[in-house]
Amino acid sequence: MDYTSEFLKTLNARGYIAQCTDDKALDAATNDGIITGYIGYDCTAPSLHVGNLISILMLRHLQQAGHRPIVVIGGGTTKVGDPSGKDESRQLLTQDKIDENKKTIRATFERFLTFGDGPTDAIMVDNDEWLSDLNYIEFLRDYGRHFSVNRMMSFDSVKLRLDREQPLSFLEFNYMILQAYDFLELNRRYDCTLQMGGSDQWGNIVNGIELTRRCDQNSVFGLTTNLLTTSSGAKMGKTAQGAVWLNDDMLPAYDYWQFWRNTEDADVGRFLRLFTELPLDEISRLEKLEGAELNDAKKILATEATAMCHGRDAAEKAEATARDTFEGGGTSADLPSVAIEAKQLAKGLGLLEAFVIAGLAKSNGEARRLVQGGGAKVNDTAQDDTTATLTEADVQDGTIKLSFGKKRHVLLRP
RNA sequence: GGAGGGAUGCCCGAGUGGCUAAAGGGGACGGGCUGUAAACCCGUUGGCUAUGCCUACGUUGGUUCGAAUCCAACUCCCUCCA
């Protein structure tokens, strides 16, 4: 449909929207004045990853369009565990671990949103505040009666698990009720009328909307985005090292830049619209580039996306480092580096061990296979001897450059 | 509570006394081709002080020269019955 509000027009033009519970009414509401919208994040890991990025950017667009975003940290719901999209119960996290994760996740949002006390300033709340104090019997009588088990069984998050004959604990079964209650509570506390999320959250969101209507007769909205996949259908956000984290102590800005730089051709336009804030006509020009020229668009994508997450300086530094490394064929002093002791070189550091110390290989065995497969380089020279050692003679300009394949490089600094 | 079925490497899944560090597939990684892309082709995919040693087929014991494979007990899951 054709939207009239700035918020929905932007999301639509940039390809964010998958489903909306009532897009006409939401369009009208966002035109009418400031609305408050929220997205919840469970703290199952110490950092969010690119899979969460779309939703974070939706909050950002919400704020830029003159509305108020709420970030809900799932301190309470994490204790239960969302069964959506998972085959098996996740291991339950300890309270300590949850608290720790909460702390490190918070920082990420400050890059993307403006927090404060103003009418459109973002706020962050933890659902542990209201969930942990619930009284079981009271909760069941007040809210549990609004949920039909028959209906709950039909939601994908539950149905998929049952169809695949995977166990679903009663604990997890309650997740959707708690998330629904979150929405009701946010509506009461902050007049929040919109919940957004990935399309896997559709069921949970709809439950919250219904609960709010049944309890308080308020009508609220849900809006979802498509889950992020590459054109070739692969789940996005995994690299050799694991997930693509947003916190730079989990993944350096250089590696984050590299992640975007390696985008598939077919995804460039889509990603530029979703993950950068370049004007749309500029994007349509970039995505029309063909062949090797498309690489220029990928560099812009990488730099813009990295700038938003790690700052413009870090992004440009990553770009320069990549240029030196890949196009200059040389070594940039800004590649990720690992310190080693001079003593180790004096007595000769095993080649395999060096790769492990650098964090490029998980074990000597992996390093050995790399050498045997012809993918190991020292100072850009291929290595074929698994028993070789590194000495002071290998130090060039104060470092030894180790390469794992063509793309992953680390400098050892004695 | 009863009856039956199941648990294998990152995932799926074959194996039902020695030839099994365990077929096959997926994923991942490396190489080739390219454009730091995709597709395709080739290779690798438990660890180590390495012509050997250690760990591994739910857990713990047992039988055997030898067990993922046979036996017992236990744990967990699934299906049906009550």
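In what follows, every heavy atom counts, from backbone to side chain, and hydrogens, waters and symmetry copies are set aside. In what follows, every chain begins at residue 1, and chains take the letters A, B, ... in the order their sequences are listed.
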Write down the distance separating the [atom1] atoms in [N] and [M], rounded off to the nearest Å.
{"N": "B:G27", "M": "B:C71", "atom1": "P", "result": "38 Å"}
{"N": "B:A7", "M": "B:C70", "atom1": "P", "result": "11 Å"}
{"N": "B:G2", "M": "B:A67", "atom1": "C1'", "result": "32 Å"}
{"N": "B:A72", "M": "B:A23", "atom1": "P", "result": "30 Å"}
{"N": "B:C48", "M": "B:U55", "atom1": "C1'", "result": "10 Å"}
{"N": "B:A50", "M": "B:C65", "atom1": "P", "result": "34 Å"}
{"N": "B:C33", "M": "B:G24", "atom1": "C1'", "result": "28 Å"}
{"N": "B:G52", "M": "B:G43", "atom1": "P", "result": "25 Å"}

Distance in angstrom units between [X] [atom1] and [N] [atom2], rounded:
{"X": "A:Trp260", "N": "B:G35", "atom1": "CH2", "atom2": "C1'", "value": "20 Å"}
{"X": "A:Asp296", "N": "B:A37", "atom1": "CG", "atom2": "P", "value": "15 Å"}
{"X": "A:Arg270", "N": "B:A37", "atom1": "CZ", "atom2": "C1'", "value": "14 Å"}
{"X": "A:Gln258", "N": "B:G35", "atom1": "CD", "atom2": "C1'", "value": "14 Å"}
{"X": "A:Lys299", "N": "B:G35", "atom1": "NZ", "atom2": "P", "value": "13 Å"}
{"X": "A:Asp384", "N": "B:G31", "atom1": "CG", "atom2": "C1'", "value": "14 Å"}
{"X": "A:Leu360", "N": "B:C29", "atom1": "CG", "atom2": "P", "value": "14 Å"}
{"X": "A:Arg408", "N": "B:A28", "atom1": "CZ", "atom2": "P", "value": "14 Å"}

Note to self: Under a 3.5 Å cutoff, is there a donor and acceptor pairing between the side chains of A:Thr114 and A:Asp121?
What the structure shows: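 Not at all, the side chains of A:Thr114 and A:Asp121 share no donor-acceptor pair under 3.5 Å.
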
Next item on the list: Report the residue (A:Val356 or A:Ala292) whose heavy-atom-nearest nucleotide on RNA chain B is the more 5′ of the two.
Entry: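 So the residue in question is A:Ala292.
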
Notebook entry, point to check: 5'-most contact on RNA chain B: A:Gly374 or A:Glu319, nearest heavy atom basis?
Noted result: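 Here A:Gly374 is the residue nearer the 5' end.
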
Next item on the list: Identify whether any heavy atom of A:Ala322 sits under 4.0 Å from a base atom; if not, whether one sits that close to sugar-phosphate; answer base, sugar-phosphate or nothing.
Entry: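 The answer is base, as A:Ala322 lies within the cut-off (heavy atoms under 4.0 Å) of a base atom.
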
Margin query: Mind checking if A:Gly365 touches a base, just sugar-phosphate, or nothing, with heavy atoms under 4.0 Å?
Written below: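 Sugar-phosphate: the residue A:Gly365, judged by heavy atoms under 4.0 Å, touches backbone atoms but no base.
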
[X] side chain near [N] phosphate (N/O to OP1/OP2, under 4.0 Å):
{"X": "A:Asn364", "N": "B:U49", "result": "yes"}
{"X": "A:Lys407", "N": "B:C29", "result": "no"}
{"X": "A:Arg369", "N": "B:G47", "result": "yes"}
{"X": "A:Ser363", "N": "B:G47", "result": "yes"}

Notebook entry, point to check: By side chain to side chain contact (heavy atoms under 4.5 Å, CB included), which residues pair with A:Cys192, not counting sequence neighbours?
Noted result: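 Result, side chain to side chain contact (heavy atoms under 4.5 Å, CB included) vs A:Cys192: A:Thr36, A:Tyr38, A:Ile70, A:Phe183, A:Leu186.
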
Would you mind writing out the side-chain donor-acceptor pairs for residues 131-139 of chain A within the sub-3.5 Å range, not counting sequence neighbours?
| from | atom 1 | to | atom 2 | distance (Å) |
| --- | --- | --- | --- | --- |
| A:Ser132 | OG | A:Lys79 | NZ | 3.1 |
| A:Ser132 | OG | A:Asp128 | OD1 | 2.4 |
| A:Asn135 | OD1 | A:Ile137 | N | 3.1 |
| A:Asn135 | OD1 | A:Glu138 | N | 3.1 |

Note to self: Going by salt bridge (Lys or Arg N to Asp or Glu O under 4.0 Å), name the residues that satisfy it together with A:Arg189, two or more places apart in sequence or in a different chain.
What the structure shows: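 Checked A:Arg189 against salt bridge (Lys or Arg N to Asp or Glu O under 4.0 Å); matches are A:Glu129, A:Glu185.
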
Next item on the list: List for me each residue that meets salt bridge (Lys or Arg N to Asp or Glu O under 4.0 Å) alongside A:Arg312, sequence neighbours excluded, and say none if there are none.
Entry: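 A:Glu304.
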
Next item on the list: Applying side chain to side chain donor-acceptor pair (under 3.5 Å), name anything that partners A:His61, two or more places apart in sequence or on another chain.
Entry: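 Checked A:His61 against side chain to side chain donor-acceptor pair (under 3.5 Å); matches are A:Tyr16.
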
Margin query: Strictly distance-based, threshold 3.5 Å: is any side-chain N or O of A:Ser284 a donor or acceptor partner for the main-chain N or O of A:Asp281?
Written below: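 Flag set: sc A:Ser284 to bb A:Asp281 pair under 3.5 Å.
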
Notebook entry, point to check: Counting N and O atoms only, with roles assigned by atom type, does the side chain of A:Asp126 sit under 3.5 Å from a partner on the main chain of A:Gly75, one being a donor and the other an acceptor?
Noted result: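 Indeed, once roles are kept as given, a pair shorter than 3.5 Å links the two residues.
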
Check: What's the closest nucleotide to the A:Lys406 side chain, out of B:U36, B:G32, B:A38?
Finding: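 So the nucleotide nearest the side chain must be B:G32.
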
Check: Between B:G35, B:A50, B:U36, which nucleotide gets closest to the side-chain atoms of A:Arg368?
Finding: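 Of B:G35, B:A50, B:U36, B:A50 is nearest to the side chain of A:Arg368.
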
Item checked: Output field: ring centroids A:Phe109/A:Tyr41 closer than 6.0 Å ->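 Yes.
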
Next item on the list: Give the dot-bracket string for RNA chain B, reading 5' to 3', where a pair is Watson-Crick or G-U wobble with both distances under 3.5 Å, ( ) marks pairs inside the strand, [ ] marks pairs crossing earlier ones, | marks a partner on another strand, and . marks unpaired.
Entry: ((((((((.[[[..)..(.....]]]((((((.......))))))(((...)))...[[[[[..)....]]]]]))))))).

